[in-house]
Amino acid sequence: MNIFRLTGDLSHLAAIIILLLKIWKTRSCAGISGKSQLLFALVFTTRYLDLFTSFISLYNTSMKLIYVACSYATVYLIYMKFKATYDGNHDTFRVEFLVVPVGGLSFLVNHDFSPLEILWTFSIYLESVAILPQLFMISKTGEAETITTHYLFFLGLYRALYLINWIWRYYFEGFFDLIAVVAGVVQTILYCDFFYLYVTKVLKGKKLSLPA
Amino acid sequence: IVAKTPHDEL
(Lines give C-alpha, C1' and ligand atoms only; values in the text may rest on other atoms or scores of the structure.)
Protein backbone atom coordinates (compact mmCIF):
# COMPACT_ATOMS: atom_id res chain seq x y z
CA MET A 1 0.00 0.00 0.00
CA ASN A 2 1.47 3.31 -1.08
CA ILE A 3 0.20 6.84 -0.60
CA PHE A 4 -1.17 7.07 -4.16
CA ARG A 5 -3.19 3.90 -3.80
CA LEU A 6 -4.54 5.03 -0.41
CA THR A 7 -5.47 8.55 -1.55
CA GLY A 8 -6.96 6.98 -4.68
CA ASP A 9 -9.20 4.75 -2.60
CA LEU A 10 -10.16 7.64 -0.32
CA SER A 11 -10.90 9.83 -3.32
CA HIS A 12 -13.14 7.06 -4.68
CA LEU A 13 -14.88 6.85 -1.31
CA ALA A 14 -15.27 10.64 -1.20
CA ALA A 15 -16.93 10.59 -4.64
CA ILE A 16 -19.40 7.89 -3.60
CA ILE A 17 -20.28 9.65 -0.33
CA ILE A 18 -20.62 13.07 -2.01
CA LEU A 19 -23.15 11.62 -4.44
CA LEU A 20 -25.11 9.82 -1.72
CA LEU A 21 -25.20 12.95 0.46
CA LYS A 22 -26.17 15.18 -2.45
CA ILE A 23 -29.17 12.98 -3.23
CA TRP A 24 -30.10 12.53 0.41
CA LYS A 25 -29.82 16.20 1.46
CA THR A 26 -31.59 17.64 -1.58
CA ARG A 27 -34.09 14.74 -1.67
CA SER A 28 -33.46 14.72 -5.41
CA CYS A 29 -31.38 12.89 -7.96
CA ALA A 30 -31.88 15.47 -10.71
CA GLY A 31 -28.95 15.56 -13.10
CA ILE A 32 -27.66 12.16 -12.01
CA SER A 33 -27.53 9.31 -14.49
CA GLY A 34 -29.21 6.28 -12.94
CA LYS A 35 -27.70 4.20 -15.72
CA SER A 36 -24.14 5.08 -14.70
CA GLN A 37 -24.99 4.23 -11.10
CA LEU A 38 -26.52 0.89 -12.14
CA LEU A 39 -23.33 0.15 -14.08
CA PHE A 40 -21.18 1.00 -11.05
CA ALA A 41 -23.29 -1.32 -8.88
CA LEU A 42 -22.70 -4.04 -11.49
CA VAL A 43 -18.98 -3.21 -11.51
CA PHE A 44 -18.65 -3.63 -7.75
CA THR A 45 -20.81 -6.75 -7.67
CA THR A 46 -18.81 -8.59 -10.33
CA ARG A 47 -15.43 -7.43 -9.01
CA TYR A 48 -15.90 -8.16 -5.33
CA LEU A 49 -17.22 -11.71 -5.61
CA ASP A 50 -13.78 -12.63 -4.28
CA LEU A 51 -15.06 -11.50 -0.88
CA PHE A 52 -16.39 -15.06 -0.70
CA THR A 53 -13.20 -16.78 -1.82
CA SER A 54 -10.20 -14.88 -0.50
CA PHE A 55 -9.21 -12.60 2.34
CA ILE A 56 -6.60 -9.90 1.73
CA SER A 57 -6.87 -7.56 4.68
CA LEU A 58 -9.43 -5.99 6.97
CA TYR A 59 -8.96 -2.74 5.03
CA ASN A 60 -9.60 -4.50 1.72
CA THR A 61 -12.72 -6.31 2.95
CA SER A 62 -14.26 -3.30 4.66
CA MET A 63 -13.69 -0.95 1.72
CA LYS A 64 -15.23 -3.48 -0.66
CA LEU A 65 -18.29 -3.85 1.57
CA ILE A 66 -18.65 -0.07 1.87
CA TYR A 67 -18.37 0.47 -1.90
CA VAL A 68 -20.93 -2.24 -2.65
CA ALA A 69 -23.36 -1.05 0.04
CA CYS A 70 -23.08 2.60 -1.04
CA SER A 71 -23.56 1.80 -4.72
CA TYR A 72 -26.71 -0.21 -3.97
CA ALA A 73 -27.97 2.56 -1.69
CA THR A 74 -27.43 5.09 -4.50
CA VAL A 75 -29.33 2.93 -6.99
CA TYR A 76 -32.13 2.48 -4.45
CA LEU A 77 -32.40 6.25 -3.91
CA ILE A 78 -32.51 6.96 -7.64
CA TYR A 79 -34.88 4.21 -8.80
CA MET A 80 -37.06 3.80 -5.71
CA LYS A 81 -37.07 6.45 -3.01
CA PHE A 82 -36.58 9.57 -5.14
CA LYS A 83 -37.76 8.09 -8.43
CA ALA A 84 -40.03 11.09 -9.03
CA THR A 85 -36.98 13.37 -9.28
CA TYR A 86 -35.05 11.08 -11.63
CA ASP A 87 -34.53 12.71 -14.99
CA GLY A 88 -35.00 9.63 -17.15
CA ASN A 89 -35.78 11.66 -20.28
CA HIS A 90 -32.21 12.91 -20.38
CA ASP A 91 -30.66 9.60 -19.29
CA THR A 92 -30.87 8.00 -22.70
CA PHE A 93 -27.45 6.44 -23.21
CA ARG A 94 -27.81 2.89 -24.59
CA VAL A 95 -25.98 0.85 -21.95
CA GLU A 96 -26.16 -2.34 -24.03
CA PHE A 97 -23.61 -0.68 -26.34
CA LEU A 98 -21.22 -0.78 -23.38
CA VAL A 99 -22.15 -3.99 -21.58
CA VAL A 100 -22.23 -6.29 -24.62
CA PRO A 101 -18.82 -5.38 -26.13
CA VAL A 102 -17.24 -5.24 -22.67
CA GLY A 103 -18.69 -8.67 -21.89
CA GLY A 104 -17.28 -10.06 -25.13
CA LEU A 105 -13.88 -8.49 -24.56
CA SER A 106 -13.60 -9.88 -21.03
CA PHE A 107 -14.04 -13.39 -22.46
CA LEU A 108 -11.37 -12.78 -25.10
CA VAL A 109 -8.74 -10.80 -23.19
CA ASN A 110 -8.18 -11.90 -19.59
CA HIS A 111 -5.46 -13.19 -17.28
CA ASP A 112 -7.13 -16.56 -16.73
CA PHE A 113 -10.17 -18.24 -18.28
CA SER A 114 -11.98 -18.88 -15.01
CA PRO A 115 -15.42 -17.56 -13.99
CA LEU A 116 -14.18 -15.28 -11.19
CA GLU A 117 -11.31 -13.90 -13.27
CA ILE A 118 -13.58 -13.22 -16.26
CA LEU A 119 -16.04 -11.40 -14.01
CA TRP A 120 -13.16 -9.38 -12.51
CA THR A 121 -11.97 -8.51 -16.03
CA PHE A 122 -15.52 -7.58 -17.02
CA SER A 123 -15.76 -5.24 -14.03
CA ILE A 124 -12.44 -3.56 -14.87
CA TYR A 125 -13.45 -2.95 -18.50
CA LEU A 126 -16.95 -1.87 -17.54
CA GLU A 127 -15.72 0.57 -14.89
CA SER A 128 -13.56 2.33 -17.45
CA VAL A 129 -16.65 3.32 -19.47
CA ALA A 130 -19.40 3.29 -16.82
CA ILE A 131 -19.33 7.08 -16.47
CA LEU A 132 -20.27 7.61 -20.13
CA PRO A 133 -24.06 7.73 -19.51
CA GLN A 134 -23.43 10.47 -16.91
CA LEU A 135 -21.17 12.48 -19.22
CA PHE A 136 -23.66 11.95 -22.05
CA MET A 137 -26.44 13.29 -19.84
CA ILE A 138 -24.42 16.41 -18.99
CA SER A 139 -23.62 17.00 -22.65
CA LYS A 140 -27.33 16.63 -23.44
CA THR A 141 -28.61 19.04 -20.81
CA GLY A 142 -25.55 21.28 -21.24
CA GLU A 143 -25.03 21.78 -17.52
CA ALA A 144 -24.30 20.12 -14.21
CA GLU A 145 -24.86 21.13 -10.61
CA THR A 146 -21.65 22.09 -8.85
CA ILE A 147 -21.96 19.25 -6.35
CA THR A 148 -22.28 16.79 -9.26
CA THR A 149 -19.03 18.15 -10.69
CA HIS A 150 -17.28 17.59 -7.32
CA TYR A 151 -18.49 13.99 -7.48
CA LEU A 152 -17.09 13.58 -10.99
CA PHE A 153 -13.82 15.24 -10.03
CA PHE A 154 -13.14 12.83 -7.16
CA LEU A 155 -14.20 9.88 -9.29
CA GLY A 156 -11.73 10.87 -12.00
CA LEU A 157 -9.01 11.73 -9.50
CA TYR A 158 -9.30 8.22 -8.05
CA ARG A 159 -8.30 6.52 -11.30
CA ALA A 160 -5.60 9.11 -12.03
CA LEU A 161 -4.05 8.38 -8.60
CA TYR A 162 -4.26 4.67 -9.34
CA LEU A 163 -2.18 5.27 -12.48
CA ILE A 164 0.59 6.78 -10.33
CA ASN A 165 0.15 3.85 -7.92
CA TRP A 166 0.75 1.41 -10.79
CA ILE A 167 3.92 3.23 -11.88
CA TRP A 168 5.08 3.10 -8.24
CA ARG A 169 4.28 -0.60 -7.92
CA TYR A 170 6.00 -1.38 -11.20
CA TYR A 171 9.25 0.22 -10.01
CA PHE A 172 9.22 -0.88 -6.38
CA GLU A 173 7.35 -4.19 -6.44
CA GLY A 174 7.75 -5.37 -10.02
CA PHE A 175 3.95 -5.49 -10.12
CA PHE A 176 2.29 -4.99 -13.49
CA ASP A 177 -1.29 -5.63 -14.54
CA LEU A 178 -1.75 -4.78 -18.20
CA ILE A 179 -5.55 -5.16 -18.14
CA ALA A 180 -5.98 -2.81 -15.19
CA VAL A 181 -3.47 -0.31 -16.57
CA VAL A 182 -4.96 -0.08 -20.08
CA ALA A 183 -8.51 0.18 -18.70
CA GLY A 184 -7.31 2.70 -16.11
CA VAL A 185 -5.70 4.86 -18.79
CA VAL A 186 -8.89 4.78 -20.90
CA GLN A 187 -10.97 5.63 -17.83
CA THR A 188 -8.73 8.57 -16.90
CA ILE A 189 -8.70 9.92 -20.47
CA LEU A 190 -12.51 10.02 -20.46
CA TYR A 191 -12.34 12.50 -17.58
CA CYS A 192 -9.74 14.83 -19.17
CA ASP A 193 -12.25 17.08 -20.89
CA PHE A 194 -14.25 17.27 -17.71
CA PHE A 195 -11.12 18.03 -15.60
CA TYR A 196 -10.41 20.96 -17.90
CA LEU A 197 -13.91 22.38 -17.41
CA TYR A 198 -13.73 21.70 -13.67
CA VAL A 199 -10.50 23.68 -13.26
CA THR A 200 -11.37 26.52 -15.62
CA LYS A 201 -14.98 26.97 -14.48
CA VAL A 202 -16.06 25.27 -11.27
CA LEU A 203 -12.94 26.08 -9.25
CA LYS A 204 -13.37 29.72 -10.27
CA GLY A 205 -16.84 29.74 -8.78
CA LYS A 206 -18.77 29.38 -12.02
CA LYS A 207 -21.40 26.79 -12.78
CA LEU A 208 -20.49 24.09 -15.23
CA SER A 209 -22.46 24.83 -18.37
CA LEU A 210 -21.56 23.91 -21.90
CA PRO A 211 -21.90 26.24 -24.87
CA ALA A 212 -25.12 25.57 -26.78
CA ILE B 1 4.83 -10.39 -11.06
CA VAL B 2 1.67 -10.38 -13.12
CA ALA B 3 -1.60 -9.79 -11.30
CA LYS B 4 -4.19 -12.57 -11.13
CA THR B 5 -6.85 -13.67 -8.67
CA PRO B 6 -6.90 -12.74 -5.84
CA HIS B 7 -6.51 -9.07 -6.75
CA ASP B 8 -5.30 -6.92 -3.89
CA GLU B 9 -6.56 -3.62 -5.29
CA LEU B 10 -10.07 -2.24 -5.03
Side-chain angles (χ1 to χ4, degrees), chain A residues 1-2 4-6 8-13 16 43-44 47-57 59-68 110-121 123-124 127 158-159 161-162 165-166 169-170 172-181 183-184, chain B:
Chain A
M1 173 75 80
N2 57 64
F4 303 108
R5 158 77 199 283
L6 181 64
D9 286 346
L10 294 177
S11 164
H12 197 182
L13 186 63
I16 293 170
V43 162
F44 290 133
R47 186 175 308 168
Y48 297 155
L49 286 172
D50 64 355
L51 276 170
F52 297 105
T53 60
S54 53
F55 179 81
I56 298 190
S57 65
Y59 170 82
N60 192 280
T61 302
S62 13
M63 289 298 262
K64 283 175 176 172
L65 290 175
I66 294 171
Y67 286 174
V68 172
N110 52 55
H111 292 312
D112 182 28
F113 202 77
S114 66
L116 220 57
E117 187 65 23
I118 290 171
L119 285 169
W120 177 86
T121 312
S123 83
I124 291 288
E127 184 191 346
Y158 138 68
R159 225 37 176 176
L161 286 165
Y162 255 70
N165 156 60
W166 288 323
R169 291 190 74 177
Y170 178 75
F172 295 104
E173 298 169 28
F175 170 94
F176 181 62
D177 186 335
L178 187 62
I179 287 178
V181 170
Chain B
I1 311 162
V2 172
K4 225 167 126 182
T5 319
H7 301 276
D8 65 342
E9 291 180 342
L10 293 169

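Small disclaimer: the values here were computed from a predicted structure and weren't measured.
Side-chain contact check for B:Pro6 versus A:Ile56: some heavy-atom pair is nearer than 4.5 Å.
Taking the side chain to side chain contact (heavy atoms under 4.5 Å, CB included) definition, one finds that A:Thr121 meets it with A:Ser106, A:Asn110, A:Glu117, A:Tyr125, A:Ile179, sequence neighbours left out.
For A:Tyr48, the part lying near chain B is the side chain, with the backbone staying farther off; criterion is any non-hydrogen pair under 4.5 Å. Only the side chain of A:Tyr67 has a heavy atom closer than 4.5 Å to any heavy atom of chain B. For A:Tyr162, the part lying near chain B is the side chain, with the backbone staying farther off; criterion is any non-hydrogen pair under 4.5 Å.
Within 6.0 Å of the OH atom in A:Tyr59, the count of heavy atoms belonging to other residues, nucleotides or ligands exceeds 12. Heavy-atom contacts from other residues, nucleotides or ligands closer than 6.0 Å to CZ of A:Phe52 number 12 or fewer.
Of the charged side-chain nitrogens involved, none lies within less than 4.0 Å of a carboxylate oxygen, so that A:Arg5 and B:Asp8 do not count as a salt-bridged pair.
Taking both residues in full, the closest heavy atoms of A:Asn165 and B:Glu9 are given as ND2-OE2, 3.0 Å, listed atom of the first, atom of the second, then distance.
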